[in-house]
Amino acid sequence: MKINRRLFTKKEKGYFIFFFFLISFIFNFSQSNKLDELLNSNNLVVGKSKKNDTLSIFYHKYSDSFKKNKKYEQSIYFLNKSILVNNSSNTIGHKNDSIELSYLYLKINKPLKSISILNSINIESIKKYYYLGLAYRNIFDFEKAINNFKIVNYLITKNNSKNNIYLIKSLINISYCYLQTDKIENFNNGIRICIYADSIIEKNNIHWKYKFKFKLNHASFYNNNKNLNIKKSYKYYNDAYLIAKRNNSSFYVTATLLQIGNLYNTTNYKKSIAFLEKASIKCSKNDTLNLQKLHFFYSITYANNKEFKKSINSFQKSFHYLFNNKKSVYKNKSLFKNNHYKTLLYMLPMLAETYSKYYEETKNIKLLNKSIEYYKLADYVLDLVKNNSTDFNSKLFWQKMSSEIYGKAIKTCYFNNNIKDAFYFMEKNKALLLMEEIANQNYKLSLDVSNDLLEKENTIKKELIKIDNSQQNNQFSNDSIIKLRLDTEIKLEKFQDSIYNHKHIQHSIVKILNTKTIQHQLLKNEVFIEYCIPSESSNSIFESNKNGYGIFITKNNKKFVKIKKTNQLKTQIQRITKSLKKPFVSNNDITKFKELSFLIYDNLFPTLEIKKLIKNKKLTIAPDSYLSLLPFEALITHKTDQKKLNYLIENCEISYVYSYSFGENNKLSSTKNSSVLAMAPVQFKNDILSSLINSKQEIKQISNYFKCVSFTNNKATKKTFIKELSKHHIIHLATHANANDTINPWISFYEKKITLPELYLEKNNASLVVLSACNTTLGKEEIGEGIMSIARGFFNGGAQSVISSLWSVDDTATPYIMNAFYKNLYNNQTKSKALHNAKLQYLKNHTHSELSPHFWASFILIGKNNVVNIPFNYNYYFTFFAFFFFAFLGFYFYKRK
């Protein structure tokens, strides 16, 4: 800020010079508290506004002095004072000071504080979005980081700026973030960025370090399990090495040699050790960053060569340097800092896995205990990282990494039958983000926020959905949409902060149940089954686990089993789910189904003891991964009986849950309005969708048993659905729906579709949602979280349980099953029992090809299994009684004649 000299009298100028020398003196002794007292005292004989300007300048100068000396905390203190005394919050100068303050918070590793400051500034600034990118990168929210760096490039292009340094810096960071996301498509994008940046550097006089970093990133895109190309990777590492060597940078020379050593750790042990030894010679004793990486890479190379003891020692040395040479500090969670998290999430699971492998060689049980200890530490760090993530895609990324770690931990638990810890890891590996969202909603409800404010919040969320739809339809340039979306997200966060503690919402607590609690809740005839299918790991030292696991829990017993050859099982389930999409047409179809179905049954219930354990029991199953696509009821339990298909449904009642803990956390209150909302468009305004002639009869049957509010034909609109959704105890939709990997799942009404993101915004308060539509259990699978299905959308809105379909349902069989289901509900059967008996009734009363599982096995119950308490439809009884009464009168008078 420039000072207008005409504002000062001679006397004031004297004070100015006096204070300048006084401040310089105090600066030398770092007596900041005395400076505050002096500058705020009444001895400063200038007007209030002039005084504030003078104070602001002094504080700013003082802040700059500390910044130059890298004393960032002191610099922050005085810059905050400068901003405080300068009340002109809307001036460019004030906004630039705030941007500078955010940068200083980044320097002292407080990215969340930096984000908070930057989001409060309404300015279109390259620096603002660049620092936001850095802040999100530092909390490992890579999706948001990438989008902010893209906006930097967009603004540079839009304003025809020649600010090549920020362009290059943002491109470096985008390539780095792409590298962390562990997706092939992002690797390819990152490679293109490196090539593009290289061309910019060649045309401009840009510092050699930027070229070096791009070469290093370029090489790293080929140095990973998903995209390994040793020849290409070595070429770019060598380019980086030559750049560092030409510029006499021992730090960067060492860094490159380390990466080359790491490149060969799985393919050439001697080469790997040789390059690491070269790096060790070059590395300075004070270079703790490279020393930490050196011993980490040694540990990986030793582990790959089965030198486990050496590997563990190297891991410990790496921790030693990570935590500044403090002994055993890696066991003290309180010393884990934000800048350690990413490194820890590579090191801890790998060390745990090394201990596990060491156990397999030595059978020393102490090694297993060490392994689990490090897996639990990794889980602790994952929770810290996920708490900082605000972007849903970033959360999914961390949930995927969690899944990889939990899968390895469960394998380790299996070695010594450690059911307690294995069950904990299994439960954390399913629908955790959905549970967190429901916990957030419960917190919001506890605040008793007005409906007007909640509606305003939903309006902003709908703006985000609209932006996403325009991006999918390519209506605007990609970069401008990214900026619009980020600015709208900031708008939403500000609004949420104004009505409730947004930070608390992000960190709502999810309760993970243990086996002891579950056994206490189970009845004697119940079995809870939880499966784990470990995902392919990109950060594993060793080959991926080819086995899955299952835990079977009864009132008085627990069993831990191995599911062998999961790759083969996956292929078998893909084949059987494909065959279930159509009915049997020949004996050959039946024979093939029978053989395949029994193979799957035998693998998922792998021992005679387990088969006896589940017989004639009520099963609650928490499937995992592709097991979520399998109707267990249709599995064949005996292959020797040539005349009959012995389905599992015949001796087991089966329902499903995302996890046992999900039921405990899914406790949004149900509506007090005891009625059924039934909707059937029958025909659709969109001519592409076929008519569902029998759906009208399907919902008409419901009114035979329960009080029913129904909408059919052109009255079954999306608008009506949204208006009525939260008013009813049961929701029944007989319509079309669809879901696959490339589209947002949707469910159709007469004139419009509602998509999954839109459904997330709608409250339903339902005890039960029945989706009598096609593929409503299907959707894109997100590893570690589950299927992004229409059913999930209703759970997010408060539903206690959902009946949904695994494939396109038959328009003739469905009304039969649904009528029997509601009749059973009316007779006080639980939801699961009602559906179970409806399917058995269908099997009993049909023959030939109509007995195919295609007709009856598609519908499954997910969630809470209880009796639905809805008043019966007394109008039905009144009509029934009236009919017989008048019939009797007619007969009576007829006889009298």
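In this chain, residues are counted from 1 in sequence order.
In Lys169, the NZ atom is crowded: over 12 heavy atoms of neighbouring residues, nucleotides or ligands sit closer than 6.0 Å. No more than 12 heavy atoms of other residues, nucleotides or ligands shown are found within 6.0 angstrom of CD on Glu73. Within a 6.0 Å radius of NZ in Lys144, other residues, nucleotides and ligands contribute more than 12 heavy atoms.
Below 30°, between 30° and 60°, or above 60°: for Phe140 and Trp398 the angle between ring planes is above 60°, a perpendicular geometry.
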message: Between Tyr129 and Lys483, is the side-chain contact (heavy atoms from CB on, under 4.5 Å) condition met? List the steps.
response: CA-CA 10 Å; Tyr129 290 105; Lys483 183 179 182 301; 3.7 Å; yes
- prompt: Between Tyr62 and Phe66, is a ring-ring contact (aromatic ring centres under 6.0 Å, His included) present by the stated rule, with each step listed?
  reply: CA-CA 7 Å; Tyr62 213 51; Phe66 277 118; 5.2 Å; yes
query: After noting the C-alpha distance and the side-chain angles of Tyr321 and His295, does the key distance pass the ring-ring contact (aromatic ring centres under 6.0 Å, His included) rule?
result: CA-CA 9 Å; Tyr321 285 109; His295 291 290; 5.6 Å; yes
query: Taking it one step at a time, do Tyr234 and Asn223 satisfy side-chain hydrogen bond (donor to acceptor under 3.5 Å, both in side chains)?
result: CA-CA 9 Å; Tyr234 179 78; Asn223 183 14; over 6 Å; no
- request: Assess whether side-chain contact (heavy atoms from CB on, under 4.5 Å) is satisfied between Glu361 and Tyr358, documenting all intermediate values.
  value: CA-CA 5 Å; Glu361 188 178 84; Tyr358 198 11; 4.2 Å; yes
message: Using the rule given for salt bridge (charged side-chain N to carboxylate O under 4.0 Å, His left out), can you reason through Lys68 versus Asp64, listing the C-alpha separation, both sets of side-chain angles and the distance that settles it, and then say yes or no?
response: CA-CA 6 Å; Lys68 286 174 185 175; Asp64 287 343; over 6 Å; no
task: Apply side-chain contact (heavy atoms from CB on, under 4.5 Å) to the pair Leu344 and His340, showing each step before the final yes or no.
output: CA-CA 6 Å; Leu344 286 169; His340 299 145; 3.8 Å; yes
- request: Just do the side-chain contact (heavy atoms from CB on, under 4.5 Å) check on Asn173 and Tyr130 with the steps written out, would you?
  value: CA-CA 10 Å; Asn173 280 288; Tyr130 179 71; 3.6 Å; yes
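To the nearest 0.5 angstrom, Leu276 atom CG is 8.5 Å from Asn265 atom CG. Taking CZ of Phe319 as the reference point, atom OG1 of Thr343 lies at 9.5 Å (rounded to 0.5 Å). The distance from atom CE of Met350 to atom OH of Tyr374, rounded to the nearest 0.5 Å, is 15.5 Å. Going from atom CG of Asp141 over to atom CG of Asn148 covers 9.5 Å, rounded to the nearest 0.5 Å. Interatomic distance, Ser220 OG to Asn262 CG, rounded to the nearest 0.5 Å: 9.0 Å. Note that CD1 of Ile260 is 8.0 Å distant from OH of Tyr241, once rounded to the nearest 0.5 Å.
Partners of Ser371 under the side chain to side chain donor-acceptor pair (under 3.5 Å) rule, at least two apart in sequence or in another chain, do not exist in this structure. In this view, Lys183 satisfies the side chain to side chain donor-acceptor pair (under 3.5 Å) rule with no residue, not counting sequence neighbours. Tyr298 pairs by the side chain to side chain donor-acceptor pair (under 3.5 Å) definition with nothing, not counting sequence neighbours.
Counting all heavy atoms, side chain and backbone alike, Lys95 lies closest to Asn122 at NZ-O, 3.0 Å. Of all heavy-atom pairs spanning Lys342 and Phe142, the tightest one is NZ-CE1, 4.2 Å. Closest approach of Tyr252 to Thr256, counting heavy atoms only: O-OG1, 2.8 Å. Nearest heavy atoms, Ser394 versus Glu143: OG-N, 3.4 Å. When all heavy atoms of Asn217 and Tyr176 are compared, the pair lying nearest together is ND2-N, 3.9 Å. Nearest approach of Ala378 to Leu345, heavy atoms of both residues: O-CD2, 3.7 Å.
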Contacts table for residues 187-202: side-chain donor-acceptor under 3.5 angstrom, sequence neighbours left out:
from: Asn188; atom 1: ND2; to: Ile184; atom 2: O; distance (Å): 3.4
from: Asn189; atom 1: OD1; to: Arg192; atom 2: NH2; distance (Å): 2.4
from: Asn189; atom 1: ND2; to: Glu185; atom 2: O; distance (Å): 3.2
from: Asp198; atom 1: OD1; to: Lys211; atom 2: NZ; distance (Å): 2.7
from: Ser199; atom 1: OG; to: Tyr196; atom 2: O; distance (Å): 2.5
from: Glu202; atom 1: OE2; to: Lys211; atom 2: NZ; distance (Å): 2.6

Atom pairs and distances, side-chain donor-acceptor, residues 101-115, under 3.5 Å, sequence neighbours left out:
from: Ser102; atom 1: OG; to: Ile99; atom 2: O; distance (Å): 2.5
from: Tyr105; atom 1: OH; to: Asn80; atom 2: ND2; distance (Å): 3.4
from: Asn109; atom 1: ND2; to: Asn339; atom 2: OD1; distance (Å): 3.4
from: Ser114; atom 1: OG; to: Ser102; atom 2: O; distance (Å): 3.0

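Salt-bridge formation is detected for the pair Arg485/Glu489: a Lys NZ or Arg NE/NH1/NH2 atom is positioned less than 4.0 Å from an Asp or Glu carboxylate oxygen. With salt bridges taken as basic N to acidic carboxylate O contacts below 4.0 Å, one links Lys158 and Glu124. Taking a cutoff of 4.0 Å between a charged side-chain nitrogen and a carboxylate oxygen, Glu353 and Lys357 do not qualify as a salt bridge.
Each side chain to side chain donor-acceptor pair (under 3.5 Å) pair with one or both residues in residues 268-278, not counting sequence neighbours, appears once here: Tyr269-Glu307, Ser272-Thr301.
Side-chain contact, Ser75 with Ser63: a donor N or O sits under 3.5 Å from an acceptor N or O. Checked by atom type, the side-chain pair Gln399/Lys386 shows a donor-acceptor distance below 3.5 Å. Side-chain atoms of Tyr166 and Asn153 include no donor-acceptor pair closer than 3.5 Å. The closest side-chain donor-acceptor pair between Ser299 and Ser314, if any, does not fall under 3.5 angstrom. Side chains of Thr254 and Asn290: no donor on one and acceptor on the other come within 3.5 Å.
Of the possible polar contacts, none joining the Ser249 side chain to the Lys245 backbone as a donor-acceptor pair under 3.5 Å is found.
Ile139 places none of its side-chain heavy atoms less than 4.5 Å from the side chain of Tyr341.
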